[in-house]
Amino acid sequence: MIWLGIESSCDETACAILKDENGHVEVLSNPLYSQIKEHAVFGGVVPEVAAREHLQKISSITSEAVEQAGISLHDIDAIAFTTGPGLMGPLLVGASFARGLSKDLGIPAYGMNHLEGHLAAAWLTAQDLEPPFLTLTVSGGHTELVLEEPGFKYTSLGRTRDDAAGEAFDKCGKLLGLQYPAGATIGRLGKDGNRKFHRFPRALKGDDSGEFSFSGLKTAVLRYTETNSPEFIQQNLGDICASLEEAIVDILVSKTVWALKKTKMKSLVVGGGVSANGRLREVLGTYCERHNIRLCFPDRSLSTDNGAMIAAAAIRRVRQNMLKDIPEVKPWMPLAE
Ligand code: KG4
Ligand code: ZN
């Protein structure tokens, strides 16, 4: 079966072709158009601008996906697109395009949860993995620990009270003079830096809950930039980025360890843009190896938003006979209530 996956919830227009054959899924193509440049001047994503860009690019990115996969449009058997969570305008562009194409080709189109997509990206690297398992979703809009049980039964163990982990990277990066989105840049600049150069706060670390809070970290970075000269910040940027990354990773890992102990799960699935972070992979990897926990990260190229993860989410649902028909487009749609 050939799937077309369409992702348009935020600032990437992404389409992918996946082949599901003999119980194995292969990504045949996964092109995307990133709107980073359009939004960088504003320091964040502008929903109206994003919707217009999606409208302009979605058709050509779909053609690109089909061409790169070496198939024709008529070889596609089904479409999966993102229904939320995300920005309303961008979601509507993807949904309208998917529904139009489905009608034209006479094939079904299914609306998928973006967060389920991020977790499905990790499943692509571990296709034999069956629930129950613990999941950690860390993206620009979400930070949440969720227990997934068979039948897509989700139980939240805690989420962020304020900013998401990716948002913390982006906002702190902005204060340090880095361009949006700053997560990958902070990871790169801090790679060989001194992680103990400055101790940024770790809110809620050590409390008996799966809740996160990152807004205090943002304030701490603001104070840090106010009390140190721009020259000092520039000269020590590598060490500051390393220390900042360490604080975020430390919070994420300690809460995940708390949830692993609480649920006694032996598998952990991580998804979302921040799952591309090398330090998070390293520290969680060390813990899971030591405690004999199966750890599933997406391929780095599938950590941030892409079309393959949306088709993969649909395929996971097919496997469990739980592919529902198109739900309404919802800008706010958590995995677990
Ligand atoms: O999942 P995603 O592509 O979009 C949302 O669904 O939000 O995540 C984007 C977020 C951004 O905040 C970005 O800074 C962060 O993921 N990110 C990273 C890295 N790559 C992307 N954060 C830390 N380290 C990275 N290597
Ligand atoms: Zn995402």
Side-chain angles (χ1 to χ4, degrees), residues 5-14 16 30 32-36 39-40 43-45 47 50 54 81-87 90-91 94 112-122 135-144 159-160 163-176 178-191 193 212 214 217-218 241-242 244-253 269-284 297-310 312-313 331-335:
I6 298 176
E7 155 58 33
S8 72
S9 67
C10 192
D11 57 348
E12 330 267 10
T13 315
N30 193 28
L32 63 79
Y33 174 76
S34 172
Q35 306 173 359
I36 283 180
H39 302 288
V45 179
H54 283 304
F81 63 96
T82 308
T83 45
L87 303 169
L91 286 169
M112 306 309 305
N113 183 305
H114 180 82
L115 305 177
E116 210 170 283
H118 274 307
L119 299 172
T135 71
L136 170 68
T137 307
V138 272
S139 69
H142 294 82
T143 299
E144 184 162 21
R159 56 171 72 103
T160 182
D163 294 345
E167 201 177 353
F169 271 111
D170 296 340
K171 288 180 174 171
C172 293
K174 193 173 174 182
L175 292 167
L176 294 171
L178 304 175
Q179 273 214 335
Y180 170 88
T185 314
I186 290 172
R188 185 168 42 79
L189 293 175
K191 197 166 173 286
F212 303 83
F214 290 104
L217 181 60
K218 196 174 51 191
C241 285
L244 175 60
E245 180 179 54
E246 196 66 3
I248 297 174
V249 169
D250 192 12
I251 298 165
L252 292 175
V253 173
V269 175
V270 189
V274 181
S275 74
N277 186 272
R279 183 64 179 161
L280 179 66
R281 285 175 180 245
E282 185 187 334
V283 181
L284 269 183
F297 268 99
D299 187 275
R300 262 219 169 96
S301 64
L302 298 183
S303 277
T304 46
D305 294 351
N306 63 83
M309 70 186 211
I310 301 304
W332 166 242
M333 197 162 83
L335 260 190

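Ligands are counted one by one from 1 in listed order, and the atoms in each one are counted from 1 as well. Numbering of residues begins at 1 and proceeds along the displayed sequence. The figures that follow rest on heavy atoms only: side chains count, while hydrogens, waters and symmetry mates do not.
Closer than 4.0 angstrom to ligand 1 lie heavy atoms from H114, H118, S139, G140, G141, G166, F169, D170, P181, G183, A184, G272, G273, V274, A276, N277, T304, D305.
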**OP:** Take N277 and L252 through the test side-chain contact (heavy atoms from CB on, under 4.5 Å) and record every step on the way to the result.
**Re:** CA-CA 12 Å; N277 186 272; L252 292 175; over 6 Å; no
**OP:** May I have the step-by-step check of side-chain contact (heavy atoms from CB on, under 4.5 Å) for Y180 and V45, ending in yes or no?
**Re:** CA-CA 9 Å; Y180 170 88; V45 179; 3.3 Å; yes
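The environment of E282 atom CD is dense: over 12 non-hydrogen atoms of other residues, nucleotides or ligands sit within 6.0 angstrom. Counting heavy atoms of neighbouring residues, nucleotides and ligands inside a 6.0 Å radius, atom NZ of K218 exceeds 12 of them.
Taking NE2 of H118 as the reference point, atom OG1 of T137 lies at 8.0 Å (rounded to 0.5 Å). In this structure, the separation between CZ on F212 and CD1 on I251 is 9.0 Å, given to the nearest 0.5 Å. Distance check: N113 CG to L119 CG gives 9.0 Å after rounding to the nearest 0.5 Å.
A donor atom on one side chain and an acceptor atom on the other are found under 3.5 Å apart for E7 and T82.
For the Zn ion (ligand 2), protein N/O/S neighbours under 2.8 Å (waters excluded) are H114 NE2, H118 NE2, D305 OD1.
Here the side chain of N30 pairs a donor or acceptor atom with the backbone of A308 at under 3.5 angstrom.
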